[in-house]
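Working notes, beginning with the structure itself.
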2 protein chains.
Amino acid sequence: MKVTINDVAKLAGVSMKTVSRVINKEPSVRKKTYDIVMSAVKELNYQPNIAARNLAGTSSFAVALVYDNPNAYYVIDMQNGVLSRCKDEGYELVIHPCSSTDAQMQDEFKTMIQRSRLAGLVLTPPLSEQQDIINLLDEMSMPYVRLLSGREEQNEGKNNSILVNDFAAAYEITEHHIHHGHKNIAFVLGDKEHKSTTERFAGYLQALKDNDLSFNPSLVFEGHYSFESGVNGAKHLLADNNKLGVTAILGGNDEVAAGALFAARLMNIEIPAQLSISGFEDSPFSRQTWPKLTTAHQANNVISEHAARLLFSKTRSSRKQEKDIITNFTPSIVVRESTGPAPL
Amino acid sequence: MKVTINDVAKLAGVSMKTVSRVINKEPSVRKKTYDIVMSAVKELNYQPNIAARNLAGTSSFAVALVYDNPNAYYVIDMQNGVLSRCKDEGYELVIHPCSSTDAQMQDEFKTMIQRSRLAGLVLTPPLSEQQDIINLLDEMSMPYVRLLSGREEQNEGKNNSILVNDFAAAYEITEHHIHHGHKNIAFVLGDKEHKSTTERFAGYLQALKDNDLSFNPSLVFEGHYSFESGVNGAKHLLADNNKLGVTAILGGNDEVAAGALFAARLMNIEIPAQLSISGFEDSPFSRQTWPKLTTAHQANNVISEHAARLLFSKTRSSRKQEKDIITNFTPSIVVRESTGPAPL
DNA sequence: AGTTAAATTGACAGCGCTGTCAATTGGCTA
DNA sequence: TAGCCAATTGACAGCGCTGTCAATTTAACT
């Protein structure tokens, strides 16, 4: 029933250590030996014991995913992406939800790292943007990968960040509206503490500028990443029978856009005939509205998978480096039914 | 930096084994000894090494949460509930998303169990309703706890199930509508493969019966647990200018209800003045609609925590039994703005 | 006090694997 | 062919803890 590394060694006619080398893809193993061992592994269906590896080795076989994010869809995508890579690599995934505002979080964080003897961790926004956490990890010289909102040129010299180009996404979405003849394009921003908010806003501004449209500050609503904020924002922007003449609204994310959509419906505004609305992220949320949202697709499960790859590439130097790790993602626009030409 | 059980033993002036006994809350430890050891543990801030415990002991210190559920909110709640208990008990949580329809799932399942040397697992619907999985676990004599939709009387004799009384929830919600004077109460059902669907439907029927209202099959729409299904269901039920005279709709869950809400809005039906709509589960979804949904609150994080407790109580017989584990949950109605008196 | 059983504690091996370092092999040059 | 270095392999200890079982202490009796 239980197959140990010793059984494999006997069957292959080599030492345990050599089997260990094969399992861990260490160099200095002859091709022939490798094949013999591998066939023995397969014949016995050998499964390395993670606990023993953790105990005996210097580095452990567990990575943590740390998040403080109310968006369940986002979290699940992150988990699944990292998890799939972990399975391939034979690692365990420790999930660690936490509150970034909690004062004792750092302690709890430290305890977790000690207890689990982690090989490394993946940080998602907004924790990945918190300098004190980064410092703490650097102090402990613990490998980590950050998921951040940012542009490619900002990633130079760093080799532990995965950037999502929210600037470009916002730029593209704004141009989508502009090309549809929209002039008065409003923006319901997300939480301003999040870097994604400032990046998206910057992209929006740049697109306006590049298309010779003037920026009207009253078309910007400073809100939060929530449905309700979208409702409030849209109500505010469209107040007084839309005296501002808004014909398009960028929601800070899909939830915000869904809220805006709802508010517009309540005001008997036809979507997209009278008003175009777009979101960001392409969460399942964007398909649960009616009409479905035009949004910027961001493959969070893919992104998180690459984050995991990057982490693994840093963790095990003995293994050959993976060369196809993408560290810069640019969301691409998905046009659905919530946007269209500007009304005449 | 690294504190081992040996350090604690020295400081406390006892053997390693005694420290081990204290850590594991084994019986046969004098109160005085216990206190001495515990103070040493605290002084050194000793953290047991999970890998070593797993390796040395017969049972491991990891439990798995297995799910096949597209509802991210549900999954997150489940995770958090089980996770909080795991932290208290010093266990690890292994999350295992999988597809119940996938043919090779059982194999993968087995592999996971072998690899991780699990102490036990928590199964959520619809996996918890699959007999082949139950059989497999029984064969391996692996402890598990099932989360199921069902009524208290059905839980007798079983000690590995946590029941959510969807019957009672549906009964209560249906009566809520009835007491508001509704007569033509429609129901957009969820997936009929899920036991929660049949339970909720049964509760609805019972409530109608107990209040001397006749059951009209054409007021039932067989749908799915999705927003879109809610839209379609409501459209169907309210067709032809509501010739069926529907004044209230039960959504199979909150997503369905949200869909129904949206469809009604599109038809310019006022909620709740002309039509009452209710959901189930009280997911964040139900607060992201406008008006907010009346629904049946189901504290999934609490439920999953009790599932974990139940599992732990079965896992370590040496530890004193927990007596306050709730194995039967009855959701309670939360009245918000989407329901009201029947129109005249 | 003396005896006996029960409760409490400790010594020690070993869980399955990897790190260290020494032994062996093979490939190459002179 | 001998000689030498690098590549490859193996022997062995030990990671931090728990199970086993024996040693010791305590309590409960004649």
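Heavy atoms only: backbone and side chains are in, while hydrogens, waters and symmetry mates are out. Everything numeric here is computed off the predicted structure, so don't read it as measured data. Below, read A as the first sequence line, B as the second, and so on, with proteins coming before strands; counting in each chain starts at 1.
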Using only atom types and a distance under 3.5 Å, with no angle test, would you say the side chain of [X] pairs donor to acceptor with the backbone of [Y]?
| X | Y | value |
| --- | --- | --- |
| B:Ser128 | B:Leu147 | yes |
| B:Thr330 | B:Val164 | no |
| B:Ser161 | B:Leu163 | no |

Examine C:dT18: is either OP1 or OP2 under 4.0 Å from a nitrogen or oxygen in the side chain of A:Asn24? Give yes or no. yes

Reckon A:Thr58 has a side-chain N or O less than 4.0 Å from the OP1 or OP2 of C:dG19? yes

Quick one: CG on A:Asn301 to CE on A:Met78, what's the gap to the nearest 0.5 Å? 8.5 Å

Rounded interatomic separation in angstrom, taking [atom1] from [X] and [atom2] from [N]:
| X | N | atom1 | atom2 | answer |
| --- | --- | --- | --- | --- |
| A:Glu26 | C:dT20 | CD | P | 11 Å |
| A:Arg53 | D:dC17 | CZ | P | 21 Å |
| A:Ile5 | D:dA11 | CD1 | P | 14 Å |
| B:Asn49 | C:dC17 | CG | C1' | 13 Å |
| A:Asn54 | D:dG16 | CG | C1' | 12 Å |
| A:Phe61 | C:dC17 | CZ | C1' | 10 Å |
| B:Leu55 | D:dG19 | CG | P | 12 Å |
| A:Asp7 | C:dG16 | CG | C1' | 11 Å |

Rounding to 10 degrees, work out the angle separating the end axes of the helix from C:dA1-D:dT30 to C:dA30-D:dT1 (five pairs an end). 30°

Would you mind reporting whether B:Val122 and B:Val63 have side-chain heavy atoms less than 4.5 Å apart? no

I want to check something: taking the side chain as every heavy atom from C-beta on, are B:Ile133 and B:Tyr144 in contact at a cut-off of under 4.5 Å? no

Which side chain to side chain donor-acceptor pair (under 3.5 Å) pairs, counting each pair once, include a residue from residues 33-42 of chain B, with sequence neighbours left out? B:Lys31-B:Asp35

Please test A:Phe312 against A:Arg85 for side-chain contact (heavy atoms from CB on, under 4.5 Å), starting from the C-alpha separation and ending with a verdict. CA-CA 9 Å; A:Phe312 286 131; A:Arg85 213 85 251 289; 4.0 Å; yes

Please walk me through it: do B:Ser304 and B:Leu65 pass side-chain contact (heavy atoms from CB on, under 4.5 Å)? CA-CA 10 Å; B:Ser304 57; B:Leu65 175 66; over 6 Å; no

Write down the protein N/O and nucleotide N/O pairs, taken from nucleotides 5-10 of chain D, whose separation is under 3.5 Å; answer none if there are no such pairs.
residue: D:dT8; atom: O3'; partner: A:Arg30; partner atom: NE; Å: 3.4
residue: D:dT8; atom: O3'; partner: A:Arg30; partner atom: NH2; Å: 3.2
residue: D:dT9; atom: OP1; partner: A:Thr33; partner atom: OG1; Å: 2.3
residue: D:dT9; atom: OP2; partner: A:Arg30; partner atom: N; Å: 3.1
residue: D:dG10; atom: OP2; partner: A:Ser15; partner atom: N; Å: 2.9
residue: D:dG10; atom: OP2; partner: A:Ser15; partner atom: OG; Å: 3.1
residue: D:dG10; atom: OP2; partner: A:Thr18; partner atom: OG1; Å: 2.5
residue: D:dG10; atom: N7; partner: A:Arg21; partner atom: NH1; Å: 3.4
residue: D:dG10; atom: O6; partner: A:Arg21; partner atom: NH2; Å: 2.7

